[in-house]
Protein chains: 2
Amino acid sequence: MASHAVREVQRIFNSIYDAIVEQRLPPGTRLTELNLVEVFAANRNHVRSALRDLSHLKLVRIEMNRGAFVEEPTPQQAREVFAARRVIEKAMIENAIDNMSAKDRKAISAHIAQEHALGHDPAKPEFIRLSGDFHRLLSRIAGNQTLGEMLDSLIARTSLIIALYEVQSGIQCSHDEHDHLAEALLSGDKAAAVASMEHHLLAIEKRLRLGPQKTEEVDLFEVFAGVETVK
Amino acid sequence: MASHAVREVQRIFNSIYDAIVEQRLPPGTRLTELNLVEVFAANRNHVRSALRDLSHLKLVRIEMNRGAFVEEPTPQQAREVFAARRVIEKAMIENAIDNMSAKDRKAISAHIAQEHALGHDPAKPEFIRLSGDFHRLLSRIAGNQTLGEMLDSLIARTSLIIALYEVQSGIQCSHDEHDHLAEALLSGDKAAAVASMEHHLLAIEKRLRLGPQKTEEVDLFEVFAGVETVK
DNA sequence: TTCCGCTAAATTGCTAACAATAGAACAGCG
DNA sequence: CGCTGTTCTATTGTTAGCAATTTAGCGGAA
């Protein structure tokens with residue numbers, strides 16, 4: 001009975017993870033423990049463990065004596081996530097080309113077909129997940145699990161960032177970008193694949209409204225350092 | 001009283017973290033909860049939280065109903081960690097050069113001086129920590145905190161890997177490598193700095209005894225798939 | 001009216017006793 | 001003497017109740 005404990009935590013973790021990534025739980029949402037206990041018919045410890053795990057991934061923010069909230073990445077953090085993704089994924093795509101097997105090629109083609117089947121309609125839930133799956137697939141082919149786990153976290157956070165900063169009006173169409181990337185990959189052209197990946201990631205970032213480059217936080221303590229308060 | 005809870009967990013976390021990184025806790029060591037409760041005069045929940053946090057950094061492995069152990073990275077994982085570090089740190093060093101301020105230059109020089117002051121003697125505890133500090137300093141200068149946190153984890157795991165696979169006899173002397181790196185950095189020569197970083201990381205890896213390239217794990221289930229047991 | 005302080009409800013954090021598990025010591029059998 | 005199966009102990013996992021904290025609502029005073 002107790003041996004299923006880790007599975008239980010993982011079940012809760014996955015459910016919340018999915019809900020956040022698929023944007024059914026918007027950034028800032030409060031996650032009350034007793035609430036989750038009811039929803040998942042689990043005990044509080046398991047819920048707390050799951051929340052703690054999610055906070056490691058930066059999908060959830062835990063405040064002392066206040067509770068857990070869906071994270072709200074700042075524009076600065078958003079830019080960092082994209083910068084990190086560019087670094088990791090550009091390197092990874094080269095390894096992917098080197099390690100690509102016949103099976104992997106088929107998996108790539110199959111994925112692209114799946115994306116086409118869904119149509120260009122950015123009907124959020126599936127579209128978002130599928131888009132991330134493509135990047136995770138490439139990560140798996142590249143073969144570095146350590147780097148892959150780090151990228152997983154970045155991909156998940158990207159969903160949060162898009163939920164927060166997506167420009168509503170625009171027609172989000174990163175579809176042909178994946179096509180282009182897959183084409184370069186399958187043809188084995190490293191330079192083209194790397195360039196395509198960089199272009200793709202920059203394009204996603206450009207479609208967001210991340211505000212001015214420097215959102216310098218004003219530190220009141222610094223501002224008033226050495227200033228005598230009047231009376 | 002309760003508001004110090006996170007601090008308490010962090011205190012335990014840091015103590016164990018330091019002990020692992022400075023190789024006072026060898027890989028494979030069992031970390032018994034009640035033991036740690038005594039040592040840190042803390043309660044079991046805090047100890048458990050700290051262990052869970054450490055397991056997320058891959059410094060500790062938690063086995064169901066068995067307890068927590070200091071991680072023992074496999075040669076395969078070790079190679080992945082170094083590959084990941086090359087990817088991240090090569091990219092980071094370029095950003096570091098771009099963002100380097102006068103203050104940062106002084107910090108780099110000061111660090112190198114500190115390394116020299118310690119002498120070429122690899123008297124483990126301080127030497128290991130100082131060596132990691134240099135890489136963390138460059139990470140801070142580069143300015144991407146997201147990437148920096150990921151690198152922190154890799155640097156910590158590197159200590160574990162060295163503890164496991166260091167070739168005993170060898171005179172570990174990565175000293176002039178940092179010198180060379182700092183020189184390239186301060187002169188602003190990106191290409192040289194990147195090359196120097198790559199060389200440095202490859203050199204560390206080469207000094208280890210990681211065994212054959214492929215340590216394929218034999219999966220008994222796969223071996224005996226579809227085989228009928230006799231009688 | 002507006003601001004401040006007080007009280008009460010909801011929620012998180014903590015504790016300590018209890019249950020379940022794994023590993024070791026041990027006994028019985030071949 | 002070695003092997004198998006069983007009890008026993010140390011350790012981890014779980015649970016429920018209690019304590020502490022935050023927040024919101026209310027009421028009174030300026």
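Just so it is clear: chains get the letters A, B, ... in the order the sequence lines come, proteins before strands, and each one is counted from 1.
Here A/Arg44 pairs with A/Glu33 in a salt bridge; the nearest charged N to carboxylate O distance falls below 4.0 Å. Salt-bridge check for B/Arg24 with B/Asp18: failed, with every basic side-chain N at 4.0 Å or more from each acidic carboxylate O. A salt bridge does not link B/Glu166 to B/Arg207: none of the charged nitrogens lies less than 4.0 Å from a carboxylate oxygen.
One interatomic measurement links the two molecules: CE of B/Met64 to C1' of D/dT11, which rounds to 13 Å at whole-angstrom precision. Distance, B/Asn65 CG to C/dT21 P: 7 Å, rounded to whole Å. The distance between atom CG of A/Leu34 and atom P of C/dA9, rounded to the nearest whole Å, is 17 Å. Atom CZ in A/Phe69 sits roughly 11 Å away from atom C1' in D/dT23 (whole-Å rounding). Remark: P of C/dA16 and CD of B/Glu33 are 16 Å apart, rounded to the nearest angstrom. Here the P atom of nucleotide D/dA20 and the CD atom of A/Glu63 are 23 Å apart, to the nearest Å. Rounding to whole angstrom units, CZ of residue B/Arg30 and P of D/dA10 are separated by 13 Å. Here the P atom of nucleotide D/dA20 and the CZ atom of A/Arg66 are 21 Å apart, to the nearest Å.
When ring centroids are compared, B/His111 and B/His135 stay outside the 6.0 Å threshold.
The stretch residues 41-54 of chain B comes close to DNA chain D through B/Arg44, B/Arg48, each having a heavy atom under 4.0 Å from the strand.
Taking the side-chain contact (heavy atoms from CB on, under 4.5 Å) definition, one finds that B/Glu80 meets it with A/Asn144, A/Gln145, A/Thr146, B/Gln76, sequence neighbours left out.
Taking the six-membered ring for Trp and thresholds of 30 and 60 degrees, A/His56 and B/His56 have nearly parallel ring planes, at less than 30 degrees apart.
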